J.: 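Provided herewith is a single structure, encoded as structure tokens, for subsequent inquiry.
No experiment lies behind these values; they were computed from the predicted model shown. Hydrogens, waters and symmetry mates are skipped; everything else that's a heavy atom, side chains included, is used. So that the names make sense, note that chain A is the first sequence line, chain B the second, and so on, each numbered from 1.
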Protein chains: 2
Amino acid sequence: MHVKNESSPYPLTELEGGALGVIQRVGAATAYQVKEWFSCSPSGYWSGSAGAVYPLMQRLEDRSLLASRNASETKRPKREFRLTPSGELAFSTWMRDVNQASDAGYDPLRTRLAFLVSLDKPAARSLLDEVELKTRAMASPLDDDYVRIIHESWRTMRLAWIAELKQHLG
Amino acid sequence: MHVKNESSPYPLTELEGGALGVIQRVGAATAYQVKEWFSCSPSGYWSGSAGAVYPLMQRLEDRSLLASRNASETKRPKREFRLTPSGELAFSTWMRDVNQASDAGYDPLRTRLAFLVSLDKPAARSLLDEVELKTRAMASPLDDDYVRIIHESWRTMRLAWIAELKQHLG
DNA sequence: CAGAGCATGTAAGAAGTTACATGATTGT
DNA sequence: ACAATCATGTAACTTCTTACATGCTCTG
């Protein structure tokens, strides 16, 4: 039976890697900041719910990938996390994990396309049209220039894909 | 407090929609067949683990979206599921759900790209190279022509995206 | 001074994961 | 006869979700 303890070098999940990434980018962050960063994503997977993020940060600290200090300067509590050296290493390893990075992930549009034959043509066309509109309308996330570039690049490819599928549909 | 009971018209999850989709496509299927169909996906999300699929099918039957009959012709048990009329409706509603269909989902490559600045250029380039290779090497799934077309179309767009990112990286 | 947003967290429940457990059937 | 695969399912555990709970701080 596998037991996750502090020293085990288990590969990080996407959420764990993402949290380390945010902290690495900004130097130091509170759980709240990580939560907000996640919430900016156009993906429901990065919902940034408190019930996911706070326990996550605690877990990462228990595994010594994060270290927290009290950064409160007023009466309001504030707990700031930084990467430990093991955390830096774990993040770098997660980033370069080709197997995980190559996974096709989870894509609601792609899933529906696999069953598109079971829709009549007008319905299929209308689905693609509406997804195209919503994709165009998606807000560009964050005030992080680099992330915005990636997002725009993703959006462009997405729209190209949808256009191609529409053409294929006739 | 929300309680999921048999009659509640809660939107289906991706896994639930996918299971209904498989059954709709093939007419009637066992949990095992659905499980195998899921396993053929290049995505870890569709892992098709028994612990996910068997309870899932049971849930869908409890909600009257599926009906099962004993299809065993030998000593080996065999339980075959079909869509009920409510199941057909639920599947169609799930297929046309534009909000869910437009969600950006979960994409390990995209996530890593958001943090790519924290890798040095050779590491970034090597990551993209290796993901490209793995994407090219991905098996075309299933003996379902339509699904294969969608998969190939996805792969093509994916490779185009990677090529563009590589160029952008210099 | 009220309301939005910052900041912490927990409790109950849903739905996955891995691993186990059992046995029938088919192909070599 | 043996292994692979078909076929069913469960048990323990992990980690998410929604909803609740609390209180501080800033802005209009």
J.: Looking at Phe91(A) and Ser118(B), what are the two nearest heavy atoms and their distance?
T.: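 Where Phe91(A) meets Ser118(B) most closely, the heavy atoms are CE2-OG, 3.4 Å.
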J.: Report yes if at least one side-chain N or O of Ser47(A) is closer than 4.0 Å to OP1 or OP2 of dT17(D); otherwise report no.
T.: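 Checking Ser47(A) against dT17(D): at least one side-chain N or O falls below 4.0 Å of OP1 or OP2.
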J.: I want to check a possible cation-pi pair here: Arg25(B) against Trp37(B), using under 6.0 Å from ring centre and within 45° of the ring axis as the test.
T.: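 Verdict for Trp37(B): no cation-pi partner in Arg25(B).
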J.: Got a salt bridge between Asp107(B) and Arg158(B), using NZ or NE/NH1/NH2 to carboxylate O under 4.0 Å?
T.: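 Salt bridge: yes.
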J.: Which pair of non-hydrogen atoms, one from Thr84(B) and one from Leu66(B), has the smallest distance, and what is that distance?
T.: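 Closest pair (atom of Thr84(B), atom of Leu66(B), distance): CG2-C, 3.7 Å.
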J.: Below the 4.0 Å mark, does dT8(D) have OP1 or OP2 next to a side-chain nitrogen or oxygen of Tyr54(B)?
T.: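 Affirmative; the distance criterion is met.
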J.: In whole Å, what is the span from the CD atom of Gln33(A) to the C1' atom of dG9(C)?
T.: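 Going from Gln33(A) (CD) to dG9(C) (C1'), I get 17 Å.
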J.: If the threshold is 4.0 Å, N to carboxylate O, is there a salt bridge linking Arg82(A) and Glu61(A)?
T.: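 Salt bridge between Arg82(A) and Glu61(A), a charged N being under 4.0 Å from a carboxylate O: no.
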J.: Could you tell me which non-hydrogen atom of Tyr45(B) sits nearest to which non-hydrogen atom of Gly105(A), and how far apart they are?
T.: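 Smallest interatomic distance, heavy atoms only, reads CB-O, 3.9 Å.
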J.: Compare the minimum distances between each of dT18(C), dA7(C), dT8(C) and the side chain of Lys78(A), then state the nucleotide with the smallest one.
T.: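 Among dT18(C), dA7(C), dT8(C), the one nearest the side chain of Lys78(A) is dA7(C).
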J.: Could you tell me whether Lys166(B) and Asp129(B) make a salt bridge, using a distance below 4.0 angstrom between a side-chain N and a carboxylate O?
T.: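 Yes, this pair counts.
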J.: Are Asp145(B) and Arg148(B) close enough for a salt bridge, meaning some N to O gap below 4.0 Å?
T.: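 Yes, Asp145(B) and Arg148(B) are salt-bridged.
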J.: Who passes side-chain hydrogen bond (donor to acceptor under 3.5 Å, both in side chains) against Ser153(A), sequence neighbours left out?
T.: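 Applying side-chain hydrogen bond (donor to acceptor under 3.5 Å, both in side chains) to Ser153(A) gives Trp161(B).
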J.: Of Pro55(B) and Leu15(A), whose nearest nucleotide on DNA chain D comes first from the 5' end?
T.: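 Checking each residue's closest nucleotide, the 5'-ward one belongs to Pro55(B).
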J.: Under 4.0 Å, heavy atom to any atom of DNA chain C: which of residues 103-115 of chain A qualify?
T.: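 By residue number: none to list.
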J.: Do Arg110(A) and Glu14(B) sit within salt-bridge range, that is, some charged N less than 4.0 Å from a carboxylate O?
T.: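 Looking at Arg110(A) and Glu14(B), the cut-off is not met.
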J.: What's Leu56(B) touching, base or sugar-phosphate or nothing? Going by heavy atoms closer than 4.0 Å.
T.: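 Counting heavy atoms under 4.0 Å across all strands, no contact is made by Leu56(B).
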J.: Using only side-chain N and O atoms of Thr30(A), determine if any of them is under 4.0 Å from OP1 or OP2 of dT8(C).
T.: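 Yes, Thr30(A) has a side-chain N/O under 4.0 Å of OP1/OP2 on dT8(C).
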J.: Is the phosphate of dT8(D) approached by Tyr32(B) (side-chain N or O, under 4.0 Å from OP1 or OP2)?
T.: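 No, outside the criterion.
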J.: Counting only side-chain heavy atoms from C-beta out, which of dG9(D), dT18(C), dT8(C) sits nearest to Ser49(B)?
T.: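 My answer, after comparing the listed nucleotides, is dT18(C).
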J.: Spell out, yes or no, whether Val26(B) and Val117(A) are grouped together once hydrophobic residues are joined by side-chain heavy atoms under 4.5 Å, including indirect joins.
T.: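 No, separate clusters.
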J.: Can you list the residues that meet the salt bridge (Lys or Arg N to Asp or Glu O under 4.0 Å) rule with Arg136(A), with sequence neighbours excluded?
T.: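 Expected list: Glu132(A).
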J.: Please classify the nucleic acid contact of Ser72(A) as base, sugar-phosphate, or nothing, using heavy-atom distances under 4.0 Å.
T.: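 The answer is nothing, as Ser72(A) stays clear of every strand by at least 4.0 Å.
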J.: Tell me, which of residues 88-96 of chain B have any heavy atom that sits under 4.0 Å from an atom in DNA chain C?
T.: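 None - not one residue of the stretch has a heavy atom sitting under 4.0 Å from the strand.
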J.: Which atoms of nucleotides 24-28 of chain C (N or O only) lie under 3.5 Å from a protein N or O atom, and what are those distances?
T.:
from    : atom 1 : to       : atom 2 : distance (Å)
dA24(C) : O3'    : Arg76(B) : N      : 3.4
dA24(C) : N3     : Arg76(B) : NH2    : 3.4
dT25(C) : OP1    : Thr74(B) : OG1    : 2.9
dT25(C) : OP1    : Lys75(B) : N      : 2.8
dT25(C) : O4'    : Arg76(B) : NH2    : 2.7

J.: Measure from the side-chain heavy atoms of Arg59(A) and tell me the nearest of dT17(C), dT8(D), dC16(D).
T.: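 So the nucleotide nearest the side chain must be dC16(D).
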J.: If the helix axis at each end comes from five base pairs, how far does the helix from dC1(C)-dG28(D) to dT28(C)-dA1(D) deviate from straight, to 10°?
T.: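 It works out to 30° between the end axes.
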